Amino acid sequence: THRREQLAWGRDLLLGRSDIRRLSCGAVPAEERITVFGGDHVQQHTVLLVEDDLPSQELVQAQLAARPDLRLLTASNGREGIAMAIAHEPSVILMDNQMPALTGRQAFRLLSQHERTADIPVIAISASAQLQEGTGEEQIAWFRCVAKPFRRNDLLQAIDEAIHRS
């Protein structure tokens, strides 16, 4: 009998070999591609990066590449980030603060008010010293703040803590 090998994606979708061929031929945008792994089932957690700076996006992508348990989605501004967070319900969100279309602070406030995204931990990643500033209504309850440039272990540790919290 021919046994069709299935590969897991996220929580809900199983893919067969023909689907993998379609994905590897570029039929799906790069930010929507999945990490493929062998016969052992590894639970994957989706990480949404909301960052407008391409070199910063590439740095995060490189740092997460060695982790088959993490699937990275990327949004280039706060509005895209909110839409992707609602659509994909990631395990954790990495959020830059200084972005066009919506700042990280504005996006965080909107995410915290939406029923599908209110409980998702958001890690602030920014070179800005203003991340932790603010009083009263301006204060943001980030899950963690990781300052750029960040060391690999700092970012991965923050992601792991956020995942294990939820």
Side-chain angles (χ1 to χ4, degrees), residues 8-13 29-37 42-166:
W9 174 49
R11 295 177 294 196
D12 306 316
L13 183 64
E31 64 273 8
E32 292 289 330
R33 290 192 189 146
I34 63 169
T35 302
V36 178
F37 40 88
V42 175
Q43 181 180 1
Q44 266 193 321
H45 299 279
T46 300
V47 176
L48 173 59
L49 172 63
V50 186
E51 170 68 71
D52 63 319
D53 181 58
L54 185 58
S56 294
Q57 290 177 7
E58 291 170 347
L59 176 63
V60 171
Q61 183 178 13
Q63 291 194 358
L64 283 116
R67 294 280 304 268
D69 60 321
L70 300 177
R71 174 179 175 256
L72 182 65
L73 298 175
T74 305
S76 60
N77 64 56
R79 284 194 180 134
E80 287 179 9
I82 290 170
M84 290 182 75
I86 292 168
H88 295 279
E89 296 185 52
S91 300
V92 62
I93 298 171
L94 305 177
M95 180 82 69
D96 184 30
N97 190 42
Q98 301 297 322
M99 294 181 295
L102 279 178
T103 68
R105 287 175 176 276
Q106 292 167 328
F108 180 91
R109 284 190 188 101
L110 292 170
L111 289 168
S112 67
Q113 295 170 6
H114 195 283
E115 66 183 22
R116 294 182 70 180
T117 57
D119 294 327
I120 298 173
V122 180
I123 298 171
I125 56 168
S126 184
S128 172
Q130 300 172 340
L131 275 177
Q132 296 181 346
E133 292 179 6
T135 56
E137 288 184 22
E138 296 177 10
Q139 191 68 26
I140 296 291
W142 304 106
F143 177 77
R144 276 251 328 254
C145 296
V146 179
K148 295 181 198 174
F150 46 81
R151 295 188 316 256
R152 179 180 179 185
N153 288 342
D154 291 343
L155 181 62
L156 292 177
Q157 182 179 6
I159 291 170
D160 287 339
E161 289 174 7
I163 289 169
H164 291 109
R165 170 198 163 258
S166 50

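Please read all numbers here as calculations on a predicted model, not as lab measurements.
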Heavy-atom side-chain contact between [X] and [Y] under 4.5 Å:
| X | Y | value |
| --- | --- | --- |
| Lys148 | Asp96 | yes |
| Val47 | Arg67 | no |
| Asn77 | Asp52 | no |
| Leu59 | Phe150 | yes |
| Phe143 | Val122 | no |
| Ile159 | Leu94 | yes |
| Arg71 | Leu73 | yes |
| Leu49 | Gln57 | yes |

Roughly how far, to the nearest 0.5 Å, is the [atom2] atom of [Y] from the [atom1] atom of [X]?
| X | Y | atom1 | atom2 | value |
| --- | --- | --- | --- | --- |
| Asp69 | Thr46 | CG | OG1 | 11.0 Å |
| His88 | Thr117 | NE2 | OG1 | 13.5 Å |
| Arg144 | Asp154 | CZ | CG | 7.0 Å |
| Leu155 | Gln63 | CG | CD | 5.5 Å |
| Leu70 | Leu64 | CG | CG | 5.5 Å |
| Leu102 | Asn97 | CG | CG | 11.5 Å |

Heavy atoms only: give me the nearest [X]-[Y] pair and the separation to one decimal.
| X | Y | answer |
| --- | --- | --- |
| Val50 | Gly81 | CG2-CA, 3.8 Å |
| Ala118 | Ser112 | CB-O, 3.4 Å |
| Ala124 | Trp142 | CB-CD2, 3.4 Å |
| Arg165 | Asp119 | NH1-O, 3.4 Å |
| Met84 | Ala75 | SD-CB, 3.7 Å |
| Ala162 | Ile123 | CB-CD1, 4.2 Å |

Under 3.5 Å: donor-acceptor pair, side chain of [X], backbone of [Y]:
| X | Y | value |
| --- | --- | --- |
| His114 | Arg116 | yes |
| Glu51 | Thr74 | no |
| Glu80 | Ser76 | yes |

